[in-house]
Every structure is written in structure tokens, then in C-alpha cells.
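Each remark here refers to the structure printed beneath this line.
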Amino acid sequence: MTRYDHRSAEPKWRAAWSEAGLFRSEIDRARPKYYVLEMFPYPSGRIHIGHVRNYVMGDVVARYKMARGFNVLHPMGWDAFGMPAENAAMERGIHPRDWTYDNIRVMKEQLEPMGLSLDWSREFATCDEDYQKAQQALFLDFLEAGLVYRKSGVVNWDPVDMTVLANEQVIDGKGWRSGAPVERRELAQWFFRISDWAEELLEAIDGLEDWPEKVRLMQRNWIGRSEGLQFHFETVGAPEGQGTLEVYSTRHDTIFGATFCAVAADHPLAKALEGEVPGLAEFTAECRRSGTSEEALQTAEKLGFDTGVRVRHPFEPEKDLPVYVANFILMDYGTGAIFGCPAHDQRDLDFARKYGLDVIPVVAPEEAGADFTVGEEAYVGPGRLVNSRFLDGMTIEEGKAEVAARIEAAEQGERKVNYRLRDWGVSRQRYWGCPIPVVHCDACGTVPERKENLPVALPLDVDFSKPGNPLDRHPTWRDTACPSCGGPARRETDTMDTFVDSSWYYARFTAPHAETPTNLAAADYWMTVDQYIGGIEHAILHLLYSRFFARAMARTGHLPSSAIEPFAALFTQGMVCHETYRDADGRWLSPEEVVRESERALRASDRSEVEIGPSIKMSKSKKNVVAPEDIVERYGADTARWFILSDSPPDRDVEWTASGAEAANRFLQRLWRLAIAEDLPAPGDPVPAAADDTATELRRAAHRAVRDVTADIEGFAFNKAIARIYELAGAIGKAEAAEAAGLPQARREALELAARLISPFVPHLAEELWSRLGHDTLLTGAPWPQPEAALLEEAMIVLPVQVNGKRRAEIRVPADADAKAVEAMALAEDNVKRFLGEGGPRKVIVVPGRIVNVVA
RNA sequence: GCCCGGAUGGCGGAACUGGUAGACGCAGCGGACUCAAAAUCCGCCGAUCGAAAGGUCUUGUGGGUUCGAGUCCCACUCCGGGCACCA
């Protein structure tokens with residue numbers, strides 16, 4: 001029996017698409033545009049199935065929208081800066097640049113056979129000098145607009161690698177590479193002023209209706225808005241210049257429960273006292289040394305040091321509160337100082353118990369009286385204020401309002417909204433990143449590089465044999481002339497966080513070869529991205545940074561104001577998982593080393609028993625990876641595309657199985673066999689008017705499939721769309737065996753519709769079927785089919801009949817039968833009579849077209 | 001700790017706004033074709049009682065609303081994810 005040969009068909013059709021230039025997009029104002037984008041890959045070395053799933057989903061959308069008449073933009077590029085390239089350089093002596101571009105070449109070769117409808121003419125890598133130049137120009141414009149600044153900040157410093165570490169790179173207080181205890185060090189860093197946009201970024205989330213609710217919630221939490229009161233206490237016994245202590249609280253209603261104040265180790269008051277109070281300097285040093293990783297913070301004991309300084313309670317002048325330096329107070333949130341109310345904050349309570357401070361309950365639950373006490377658990381629920389003089393009896397909200405009003409009237413403070421979101425530190429002491437285009441001059445200070453001198457390019461002759469930033473110790477690269485005075489100056493050696501690169505690439509795709517970062521006309525036409533697709537792991541940082549960047553670019557004239565939200569719709573796809581295998585010695589085995597039988601698995605080499613582990617995300621360490629090129633070689637790209645979309649909803653994880661891939665291939669072969677049947681009439685031969693019921697039934701099935709597949713694609717339910725296509729193939733297969741007037745024509749119509757419906761999913765096979773059915777045009781880009789309304793309507797329908805809510809019979813009725821007739825038919829059913837027993841029905845509910853329920 | 005999801009056959013999953021639970025696929029079982037195998041085709045496939053017709057039970061657990069609940073409400077169990085000294 002002949003078989004569909006993907007090895008010859010797939011390259012043939014890709015060549016045909018390429019020759020026809022179908023995926024090159026140009027501005028065309030006559031057609032509506034559609035911009036579909038998948039999160040671009042980091043060129044780590046090889047494409048894996050997870051990438052394939054991501055891009056195939058985007059491809060289904062792109063091809064579908066193309067068929068619906070949209071002018072589609074579907075580009076691809078490379079997120080090419082980052083640490084792994086430097087690690088490769090250090091470990092294997094390969095230059096990061098060569099390593100990166102080699103990987104890009106290999107991965108592009110892997111991607112090519114997948115048949116993705118990508119416009120490769122727009123391809124770029126973020127490490128291309130063109131892109132760096134554009135990004136540096138953006139940086140300078142942001143700097144001029146006041147969106148970028150430089151300040152000293154506390155960082156995680158690895159003293160061995162001599163570099164700054166991200167919080168995620170600090171494990172148990174030690175550097176993830178060096179294992180050396182991480183220090184908290186103050187370093188001048190460049191920051192983007194994202195926190196200025198906190199309110200705007202938060203409010204605009206409401207408008208992102210086509211984003212997953214989950215992601216919107218995560219962004220809201222990340223921005224972390226809180227409403228509170230910022231006010232000051234008068235200090236007693238504090239050094240010069242520390243006459244007041246500014247604190248921030250969201251529970252200012254509990255002010256009468258305050259029994260202490262606490263400041264951060266880096267707070268000016270703490271610093272001012274370091275030389276005066278014995279032991280304090282040691283304590284603050286200890287605080288600074290302790291790790292900043294989440295785990296370290298979580299497990300760290302709450303420690304405090306009484307400074308001896310006191311503050312005066314604003315409403316009880318006779319009462320003084322002690323001021324502690326505490327290790328759990330953060331300098332960069334609020335004012336770096338708090339008042340502690342142990343009765344109504346667990347952390348404050350723990351602290352108070354440890355240092356023997358008073359616990360004064362000031363909020364009592366409704367059911368409790370004024371003698372309400374707090375044990376080891378702070379009370380944070382609702383209630384009424386007690387022990388609070390003029391606040392007594394008020395609710396928490398009323399208390400807050402009253403305290404705020406009095407503090408404001410006394411000009412001791414004001415209501416203030418605070419955000420968890422911090423400014424974005426973008427300085428990295430790294431080589432393989434985009435250089436920050438500024439110059440340090442002894443005479444002029446920090447001076448922006450002139451735009452005509454861009455790009456500030458990375459030197460290629462760098463030395464990775466020593467730790468630290470190679471740019472810092474390069475013999476000549478740092479030396480330059482001051483753009484302002486012309487005198488000798490030094491280049492900034494920090495490079496930008498790679499998240500900067502990915503924060504605006506979507507905009508660059510609209511005019512990838514422009515001299516300026518963007519071309520406003522092109523951006524105005526293509527932006528915003530209509531559908532963005534990628535992993536949930538980028539739910540916060542990448543997406544938030546991109547939203548900030550689009551706004552900053554709009555402010556500096558690089559994007560139209562209509563594009564401040566870069567991604568109109570977001571879809572987060574699940575991961576690809578696979579079973580794990582271990583041999584008797586506990587060594588991981590890859591799927592190629594294993595023969596899978598129904599209930600067990602054997603090692604291919606010696607048929608020894610293999611333990612089957614859970615299906616988890618594919619990873620090199622567990623060896624449960626499947627190489628896309630192996631699948632493509634064996635079954636073809638279409639099989640890989642079909643299978644990866646067929647089994648699970650796109651937002652959930654999918655398990656890759658060999659049997660599933662085989663089944664996908666079996667189905668594609670089946671479609672092909674159906675389409676090469678010899679008894680099919682010529683193209684254009686219409687279904688005769690006198691067609692038999694069998695033929696009409698097939699036509700109905702085909703047109704229903706068109707309706708359902710269309711809805712499923714629109715709804716991102718590709719697994720359901722595929723199930724509908726399986727059903728259609730089943731109907732065509734059944735019809736092949738039958739003989740009826742008009743059936744060959746109906747089969748032909750159904751096959752043509754099937755070819756059109758599968759084209760977004762398995763584009764090569766769709767073209768092959770289309771061609772085998774006698775067409776000499778390309779199917780790709782051809783208009784999407786419309787179902788015939790008349791064929792979607794059924795003359796007769798089957799209605800279930802329930803007695804007391806249990807199904808007892810089915811009746812076949814005309815679709816437009818009236819309720820009375822339906823009721824009569826239902827009551828005439830034997831089984832209905834049987835369960836009704838003696839006495840007639842008390843009530844009959846007829847839901848037209850749905851169900852009949854008889855109540856006995 | 002706080003905030004979100006989710007739980008449906010042996011497995012992945014369907015089920016419109018409350019209306020025949022289990023579409024479609026995998027795995028399994030039986031059969032046809034074949035000397036045989038592969039490929040292909042046909043049938044069965046939640047549990048249970050029954051020869052059958054048909055009955056009973058069944059969507060994590062327990063309650064509730066309703067003519068009718070996988071779907072809505074309340075309480076709980078388990079699983080997954082996010083955040084977490086944020087004052």
C-alpha cells in the first residue's frame with residue numbers, strides 16, 4: 001500500500017511557500033493587520049519540544065488569521081545576550097559571540113523543517129550591533145527624559161566571582177557558582193524609574209481583558225499597592241538632625257497599641273548612632289551580612305537592638321516608645337522605619353515577646369469585650385477599637401480616617417500610597433550584554449555618549465581566565481574622550497540586564513532595519529501585538545518590564561501613544577512532559593534507550609527491566625527529552641505539530657508519548673488515503689440536487705466540522721478542533737464504503753473542507769491533499785471556508801425524556817415541533833408510562849431542542 | 001502564613017448560559033484480511049445486576065438549592081501554582 005511520504009512532500013511545499021513569498025509581511029492599509037508573536041528563544045544550543053509547542057500554537061493562529069484575510073505579521077528572533085554564553089567561554093574557551101551565533105545557526109536549521117509561517121526577513125538577535133545601537137539610543141533618550149538614573153544601592157556581591165548576583169542566584173546565602181558567602185554591598189547602579197508608573201501599570205491591568213486572570217492577578221500582587229499614613233514622631237535623645245522619626249503604616253488605627261519603633265540597619269538614625277551606642281555597629285554589620293535570599297529571610301530570627309533613643313507618642317505625650325534597630329525592617333520600603341503594634345501584627349508580636357515589650361490590644365472582635373487579650377497569635381481580623389481614647393468604639397476604617405485626619409491637621413504627616421514595586425536595577429557587571437552608553441569624566445561627571453558615536457560596541461579581545469567583569473580589566477576599552485569636554489574619561493563598564501533586550505523587541509520587529517529604534521509609521525500600523533504566546537514563567541518580570549518600556553518609548557516618541565500596552569492578548573501555554581526512566585542502578589535513561597511495552601519498559605540494549613517514573617517537564621538532567629529533529633525525520637513535522645496540539649488543552653501541560661506520536665501519524669496517513677481514492681469526481685463537480693440522505697448526512701457532518709473547528713481555533717481550544725477533525729474523517733471513511741446518489745461528490749466536498757480545516761495545524765499535508773484533489777493553487781492563504789447555514793440545521797432531532805430527572809426514553813421529533821406535540825410524544829413512550837405508574841404527570845417541562853422532564 | 005487554580009473511566013481529556021456525563025485520542029480486549037507478520041479494516045471498552053429488555057450506582061468528600069447539578073451555594077479533603085519580613 002502506498003503511503004504519504006513526508007520526506008518528499010514537506011520540503012516541496014515549504015519551497016513553494018517560500019517562492020510565493022507568502023510569509024513576508026508588508027504594510028497594507030487595505031487589509032486589517034494581525035500581529036502574532038511567540039516569546040523569542042534564548043539560543044541555548046538546541047530547539048526542544050517546548051519551543052516547538054510554543055511556535056506551532058502561534059503558527060496555527062497566524063495561518064488561520066491569514067486565511068481570514070488579515071495582513072499577518074509573524075516574526076522570529078533571538079534573545080541572545082546572557083550568562084550561559086560567558087559560562088561557555090569560561091569553561092570551554094569559546095568566545096561568547098561565536099558560541100551564540102553558532103547556536104542561532106543550529107537552532108534556525110532545526111526550526112526550518114517545522115513549516116512555520118515566519119517572516120525571516122525580520123529576524124534579528126539582540127546581540128546584533130544594530131540592535132545594541134538602537135537600544136543604547138533608547139537608553140540615552142530615557143536618560144534625558146529622566147526615566148533612568150544612577151544611585152547607590154545594596155546588592156548581593158559575590159567576593160570570589162567579583163560580580164553582582166540576582167536574588168535567585170543566592171542559595172543559602174552563598175553564590176550559586178562560587179559557593180562563597182554573599183556580601184551585601186553598596187554599589188552605584190543604573191535604575192529605570194518603573195516605580196513612577198506603578199499606579200498606571202496597576203490601573204491598566206483592568207483593561208487587559210484578553211490576558212489570563214492569573215497573570216493579571218500576579219502583576220497586581222507584584223505591584224503591591226497599599227494605602228497608609230506616613231507621619232513622624234518627635235525623638236528624644238537622638239543625635240543632631242534626627243529630631244523626628246518618619247514612619248509608614250497601613251494600620252494607623254492601632255496607634256494606641258504601639259509599644260516600640262524599629263528602623264532598618266541602613267536607616268540614617270541607625271548610622272548616626274553607630275559611633276555612639278556601644279555594640280550597635282556590630283549589630284548593623286551583622287544585619288548587612290545576612291543573606292537576602294527568600295529562604296534566609298524566612299528562617300532568620302527577628303533580632304533587635306535597643307538604641308536607647310525614644311520617640312514621643314503623637315496622642316499620648318506622656319508616653320515614650322523605645323526605638324530599636326531590627327533586622328526585618330527594609331530600608332527601601334516605606335521610610336525604613338515602623339511603629340510596632342504587637343497585638344495586631346504577628347511579626348511585631350514575636351518581636352515584643354522576645355524583648356519583653358508591652359502588648360496592648362486595641363482592636364477587639366465584635367463578640368469580645370474590652371478585656372480582649374492577645375496570646376501568641378496577633379489579632380488581625382475585623383472589630384472595634386478599644387483602649388484608644390477618642391477612637392474607642394470605631395471600626396478599623398473609621399479609626400484610620402480619624403487618626404489620619406488628626407495627624408494631617410497637626411501637620412505631622414499625610415496619607416500616602418506605597419507600592420511594593422521597586423525601581424528596576426539594570427546594571428550588570430558582565431561582558432555579554434548591551435553596554436550602557438555613558439562615560440565617566442573627572443571634570444564633567446557622568447556624561448551620556450553622543451548618539452553619533454553609537455553603538456558603544458563590546459571589544460572582542462577579552463579575557464575570561466579570571467573572575468570579574470572582563471570589560472573592567474580590558475587594557476584599552478575603558479579609555480575614551482569625554483563627550484562633553486573632550487578630556488580623558490572612562491567608559492561605564494556595566495552592561496544592561498538582558499530583560500532590557502526583551503522589553504522592546506516586539507516593537508523592533510515592526511521595522512527591524514530602521515536606523516532609529518523604531519519607525520513610527522510601521523509601529524503605528526503593526527502595534528500592538530494582537531496575540532502574544534509564551535510560558536507562564538514570564539508572567540511578571542518580562543511582561544511588566546515590557547509594559548513599562550512601551551510607555552517609556554511612547555513618552556520619548558518611539559511608539560505611538562496607542563501602543564502603550566504592548567500585548568493586547570496573552571496566552572500562556574503549558575509545558576511538554578515525558579515519562580522518566582531509570583535502570584536497576586538508578587541511572588536515568590533517555591526514551592531512545594528504552595523499549596516501551598504496554599505496562600512496562602525495557603532497556604533496548606539488554607532487555608533488562610526499567611523503572612518508569614512520573615511524567616515531568618523535559619530536562620537534560622532526567623534525560624526525558626525528545627529531540628524534535630528525530631520526530632521530524634521519522635514522521636515529519638506535521639505529525640509532531642498534530643500530536644503536540646491534539647492531546648491536551650494548550651494552557652495545560654502535555655505528555656509526549658511515542659504511542660501518541662504514532663497515532664498522530666496514523667491519522668495523517670488515513671486522511672491521505674481517503675483523499676487519493678480513485679472514485680472521486682473531478683474538482684468543481686457539484687453535489688447533485690437529487691442527493692441521497694447518506695450524501696446529505698456527510699455534507700452536514702462536514703459543515704458542522706467547519707463551524708466547530710472555526711470556533712475552537714478562535715477559542716484557543718486546538719485539542720477540541722482536532723477532535724472535530726477526527727470525527728469528520730470518521731464520517732468520510734464510513735461514506736467510502738457506501739453507495740448513494742451524490743455521495744462521491746459529497747465525499748469530495750468533505751475532503752476539500754478537511755484539507756482547509758487542517759491547514760493551520762498540518763500545513764504540508766493540507767497542501768498535498770489539496771493538490772491530490774486536483775487543485776493547482778496553493779491552499780496556504782486561501783480563504784477560510786464558511787459553513788452553509790442550511791446544512792447546519794437539522795429537520796429531525798432526538799430529545800431525551802426524563803421522569804423525575806432520570807432519563808427513561810428518547811423521542812425523535814421535528815426540530816420545530818411545538819411543546820404540546822413533544823409532550824404528547826414523550827408521554828406515549830412505554831418506558832415513560834412505566835415509571836410514571838398510576839396517576840398522570842404532575843408537571844411536564846419541555847426545554848425546546850434540549851430535553852423533556854416529566855414529574856410524577 | 002496569604003492569594004489563586006484544579007479534582008470527571010486504566011490514561012490525556014470532552015460536556016454551550018443548569019438539560020442524554022464520558023466526545024475525540026491513547027492503552028486494552030475481540031474479530032476480519034494473511035501461510036505468518038506488519039499495515040489496514042470492523043466491533044467492544046466507567047462500575048455493577050441481568051440471557052435480554054432494562055435496572056442500580058457513578059464527575060474528590062459531606063450537605064443544600066432545583067423539575068433537573070460535573071456545572072450554582074455552604075463546609076471539608078487532597079493536589080498544583082504564585083507571593084511572602086512590604087509595615
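Here is the naming used below: chain letters follow the sequence lines, and residue numbers restart at 1 for every chain. Just so we're clear, the structure is a prediction, and the values are computed from it rather than from any experiment.
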_Between A/Lys820 and A/Glu823 (salt bridge meaning N to carboxylate O under 4.0 Å), is one present in this structure?_
no
*Angle class for the A/Phe351/A/Tyr355 ring planes (parallel below 30°, perpendicular above 60°, tilted otherwise)?*
tilted
*Between atom CZ in A/Arg3 and atom P in B/rA38, what is the gap in whole Å?*
14 Å
*Closest nucleotide of RNA chain B for A/Thr335 versus for A/Glu662: which of these residues is on the 5' side?*
A/Glu662
*Indicate yes or no: does A/Asp345 engage A/Arg251 in a salt bridge with an N to O separation below 4.0 Å.*
no
*asked:* By the 4.0 Å heavy-atom rule, please label A/Glu213 as base, sugar-phosphate, or nothing.
replied: nothing
*What distance, rounded to whole Å, do you find between the two P atoms, one in B/rG60 and one in B/rA69?*
15 Å
*Base paired to B/rG70 (Watson-Crick or G-U; both N/O distances under 3.5 angstrom)*: none
*Which value, in whole Å, describes the distance between the P atoms of nucleotides B/rG81 and B/rC67?*
42 Å
_Interatomic distance where CG belongs to A/Leu349 and P belongs to B/rC85 [whole Å]_ = 19 Å
*asked:* Any base atoms under 4.0 Å from A/Val847, or only sugar-phosphate, or nothing? Heavy atoms, all strands.
replied: base
What pairs of nitrogen or oxygen atoms, one from the protein and one from nucleotides 1-3 of chain B, lie under 3.5 Å apart?
none

*Scan every strand shown for a Watson-Crick or G-U wobble partner of B/rG5, both distances under 3.5 Å, and answer none if you come up empty.*
B/rC79
*List in chain and number order the residues that pass salt bridge (Lys or Arg N to Asp or Glu O under 4.0 Å) with A/Arg216, two or more places apart in sequence or in another chain; answer none if no residue qualifies.*
A/Glu213
*A/Asp358 versus A/Thr259, side-chain donor and acceptor atoms under 3.5 Å*: no
*Quick one: which of B/rA23, B/rC85, B/rU20 gets closest to the side chain of A/Pro800?*
B/rU20
_Checking base pairs now: Watson-Crick or wobble, both atom distances under 3.5 Å. What partners B/rC45?_
none
_From B/rG82, B/rG25, B/rG68, nucleotide with atom closest to A/Ile540 side chain_ = B/rG82
*Of all the choices, B/rC26, B/rA87, B/rU20, which nucleotide is nearest to the side chain of A/Ser659 once you look at every atom?*
B/rC26
*Heavy-atom side-chain contact between A/Val852 and A/Val844 under 4.5 Å*: yes
*Results of salt bridge (Lys or Arg N to Asp or Glu O under 4.0 Å) for A/Asp206 - residues two or more places apart only*: A/Arg220
Report each atom pair, protein N/O against N/O of nucleotides 12-14 of chain B, whose distance is under 3.5 angstrom.
unit_1	atom_1	unit_2	atom_2	d
B/rG12	O2'	A/Asp647	O	3.3
B/rG12	O2'	A/Ser648	OG	2.9

*Considering only B/rC83, B/rC24, B/rG19, which nucleotide approaches the side chain of A/Glu727 most closely?*
B/rC24
Give the table of side-chain donor-acceptor pairs shorter than 3.5 Å for residues 717-737 of chain A, with sequence neighbours excluded, one pair per line with atom names and distance.
unit_1	atom_1	unit_2	atom_2	d
A/Arg724	NH2	A/Glu727	OE2	3.1
A/Tyr726	OH	A/Trp642	NE1	3.4

*CD1 of A/Ile851 versus C1' of B/rA21: gap in Å, rounded?*
12 Å
*Looking at A/Arg747 and A/Asp679, does any basic side-chain N land under 4.0 Å from a carboxylate oxygen?*
yes
Dump the pairs, protein N or O against N or O of nucleotides 54-56 of chain B, anything under 3.5 Å, distances to one decimal.
unit_1	atom_1	unit_2	atom_2	d
B/rG55	OP1	A/Arg808	NH1	3.1
B/rG55	OP1	A/Asn831	ND2	3.3
B/rU56	OP1	A/Arg808	NH2	3.1
B/rU56	OP2	A/Arg808	NH1	3.0

_Nearest to the side chain of A/Ser226, heavy atoms from C-beta on, is which of B/rG19, B/rA84, B/rA87?_
B/rA87
*Select base, sugar-phosphate, or nothing to describe what A/Ile722 touches, counting heavy atoms under 4.0 Å on all strands.*
nothing
*Donor-acceptor side-chain pairing of A/Asn418 and A/Ser226 below 3.5 angstrom*: no
*Under 4.5 Å between any side-chain heavy atoms of A/Glu829 and A/Val854, yes or no?*
no
*Now, which nucleotide makes the Watson-Crick or G-U wobble pair with B/rA15, with each of the two distances under 3.5 Å?*
none
*Given atom CD of A/Glu736 and atom P of B/rC41, what is their separation to the nearest angstrom?*
10 Å
*Report the distance from atom CD1 of A/Ile612 to atom C1' of B/rA27, rounded to the nearest whole Å.*
12 Å
*Go through A/Phe256 and A/His313 one step at a time and tell me if the ring pair (Phe, Tyr, Trp, His ring centres under 6.0 Å) criterion holds.*
CA-CA 8 Å; A/Phe256 286 98; A/His313 192 283; 5.4 Å; yes
*Are any of the side-chain nitrogens in A/Arg225 or A/Glu199 under 4.0 Å away from the carboxylate oxygens of its partner?*
yes
